[in-house]
Amino acid sequence: MSLTRTNLAILGLQWGDEGKGKVVDLLSPRFQQVVRFQGGNNAGHTVVVDGQSIALHQVPSGALHPGCFLVVGNGVVLNLEVFQQELDRLRARGFDLAGRLLLSDKAHLILPHHIALDLWREGGANKIGTTGRGIGPAYEMKAGRMGVRLGDLLHPETLADRIRPGYEEVRLRLGEGSGLSSLEAIVDALLRTAEPFLSFIGDTQGHLLTAWERGDSILFEGAQATLLDIDHGTYPFVTSSNCSLGGLFTGTGLPPKALDRILGIAKAYTTRVGAGPFPAELHDALGDRLREVGREFGTTTGRPRRCGWFDAPITAHACRTNGVDGLAIMKLDVLDGLDEVGLIVGYRTGEGTVTTKLPSCAADWKGLKAEVKRFKGWASTRGITDHRQLPAEAQAYLEALAESVEVPVAYLSTGPDRHEGCVYPGTFLEPLLA
Ligand code: GDP
Ligand code: IMO
Ligand code: MG
């Protein structure tokens, strides 16, 4: 076993879109295996290389490095049609994944009726602003023992019977005239779409256990983020998977001791897409400015992201939930040029006290007002690659931020491109990014 091997998890600490894709791409050259373990094509991970942007949804963000073997673990839900489009786009850009991709035979399929059910619900009063990709229904079918797994594609004769129970339930719910294709049409289309993938389907748990025993370095790419976690997020305004650390183990079948380090990813401010509590949200021109400068529009749906200051209580909760060893703070440059930068240090309750504890129930978030600490702004951090060259005001802000979540900064991102950022000396990332 290699002594220098580090198996590293990359996890989002806010409500998603923190810049996980950039960090995974940056670290990938030092890893032999890059693994997705939960979520589906609700994820949108952007990688920028020489000014060219590539959006990945289901393909792990190590795709641009030919030395990385890409694994889609059992905890993922997959839309194969979208996966094919993603592979085609990558191939057109010169990235071929043949021979370096394995899809778990236990991963679940996202089927057309899952998407129809997701969209139908989003048209009603209980709308939570999902990505409309069928993620919730696909995970519900999994938990309800009506899911269809990639491995079922290897037994085409059983497919109609596997799909039927879930399909019938959705049809009952949506009623006649819902526009759903027939079961036969869904099976036929699936078999056609699946054909090019059959040779990629296999035992990802066995593959990863062998890779681990061999001493390969494994990078685990989280999708979504802790505040969107089905258990530890702002329920019910969450996604349907465990995006925090527990999901890594159930979503790969690896034991906890296979993991060495946890890198938490957070923006220097906060965003969220869709409905749900967000006390830090700025409803004014400052919020608009963060959206414009940070290009805060969804990678997957193009929706404008809600923007606000860095929220220490939610990020500290995420750090504790995941046992984060170090922070990657992203998009500091987006705060450049502001007179003042805010940091949410707590929430003022209706009774006038200040708390840093996150409510468990959506109803208890109502009435909480963000308590802002203000810092002097700075001119520019864009493209800085040595943290000692940061303006003193930016350094003071970052120090306060790290202190507020009790985790040190290991990486600071100062622009979307690979080379725009600083690695902090003495941290566990230094040997990986040297
Ligand atoms: P992910 O879902 O966590 O991978 O993040 P997204 O890709 O959805 O959103 C992050 C966006 O910010 C992408 O468009 C990145 O190219 C961009 N980005 C990442 N780091 C930086 C940075 O330091 N500065 C700026 N300005 N943009 C960044
Ligand atoms: P990445 O990996 C930001 C949000 C949706 C919605 C909620 C539920 O790019 O960080 P779903 O379609 O999952 O049932 O939607 O979760 N959401 C994300 N927000 N980034 C993501 O992924 C997201 N994936 C889901 O906007 O509020
Ligand atoms: Mg994203």
Side-chain angles (χ1 to χ4, degrees), residues 10-26 36 38-49 51-58 60-61 77 79 110 114-115 117-119 121-122 127-140 221-230 233-241 243 264-278 290 292-306 328-336 381-384 411-422:
I10 303 291
L11 299 174
L13 300 179
Q14 296 161 321
W15 279 286
D17 303 324
E18 293 89 352
K20 299 176 290 291
K22 170 175 169 169
V23 177
V24 172
D25 170 67
L26 200 61
R36 275 282 305 269
Q38 46 69 233
N41 60 322
N42 47 349
H45 298 175
T46 316
V47 175
V48 180
V49 186
Q52 298 280 321
S53 164
I54 300 176
L56 298 163
H57 299 283
Q58 300 173 114
S61 300
V77 288
N79 181 325
I110 301 174
H114 302 157
I115 300 171
L117 182 57
D118 191 1
L119 295 174
R121 285 185 185 141
E122 285 294 296
K127 169 182 167 69
I128 59 162
T130 71
T131 59
R133 300 300 193 258
I135 305 297
Y139 277 115
E140 281 169 55
E221 174 179 2
Q224 291 79 51
T226 310
L227 275 298
L228 288 172
D229 182 285
I230 183 92
T234 45
Y235 192 89
F237 302 99
V238 293
T239 190
S240 300
S241 64
C243 337
I265 320 295
K267 280 191 250 216
Y269 51 98
T270 313
T271 64
R272 113 166 265 179
V273 205
F278 185 6
L290 292 180
E292 291 308 318
V293 177
R295 299 192 186 169
E296 296 296 354
F297 297 90
T299 311
T300 300
T301 58
R303 290 178 292 172
R305 296 173 183 153
R306 300 156 66 193
I329 297 297
M330 313 300 287
K331 304 186 88 160
L332 183 69
D333 54 294
V334 173
L335 302 179
D336 289 356
T381 62
R382 180 68 196 255
I384 287 181
Y411 176 78
L412 173 69
S413 183
T414 55
D417 225 289
R418 278 178 182 162
H419 60 85
E420 295 178 299
C422 327

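Quick note: numbers below take in every heavy atom, side chains included, and nothing from hydrogens, waters or symmetry partners. Order of appearance sets the numbers: ligands from 1, and atoms from 1 within every ligand.
- Protein heavy atom closest to atom 13 (O) of ligand 2, with residue, atom name and distance, is Thr239 OG1, 2.6 Å.
- With a 4.0 Å heavy-atom cut-off, ligand 1 is reached by the backbone of Thr46 and by its side chain too.
- Relative to atom 8 (C) of ligand 2, the option among Thr131, Val238, Ile265 with the closest non-hydrogen atom is Val238.
- Between Arg133 and ligand 2, a contact under 3.5 Å exists for no N or O pair.
- For ligand 1, the polar-atom distance check against Leu332 finds no nitrogen or oxygen pair separated by under 3.5 Å.
- Shortest contact from atom 22 (O) of ligand 2 to any protein heavy atom: Gln224 NE2, 3.5 Å.
- Contacts with ligand 2 closer than 4.0 Å are made by side-chain heavy atoms of His45 only, the backbone lying farther away.
- Polar contact with ligand 1: absent for Met330 (N/O pair, distance under 3.5 Å).
- Around atom 18 (C) of ligand 2, the closest heavy atom drawn from Thr234, Val273, Leu228 belongs to Leu228.
- Contact annotation for Lys22 and ligand 1: only side-chain heavy atoms (C-beta onward) come within less than 4.0 Å of the ligand.
- Of the polar atoms of Arg382, none of the N or O atoms is found under 3.5 Å from an N or O of ligand 1, judged by distance alone.
- Nearest protein heavy-atom neighbour of atom 26 (O) of ligand 2: Arg303 NH2, 2.9 Å.
- With a 4.0 Å heavy-atom cut-off, ligand 2 is reached by no atom of Phe237.
- The shortest contact between atom 21 (C) of ligand 1 and any protein heavy atom is with Lys331 CG, 3.4 Å.
- Counting protein heavy atoms only, atom 20 (N) of ligand 2 is closest to Asp17 OD1, 3.2 Å.
- Not a single N or O atom of Val334, backbone or side chain, sits closer than 3.5 Å to an N or O atom of ligand 1.
- Considering Lys22, Glu420, Lys331, Lys267 as possible partners of Ser413, the one that fulfils the side-chain hydrogen bond (donor to acceptor under 3.5 Å, both in side chains) test is Lys22.
- Listed by chain and number, the protein N, O or S atoms at a distance under 2.8 Å from the Mg ion (ligand 3) are Asp17 OD1, Gly44 O.
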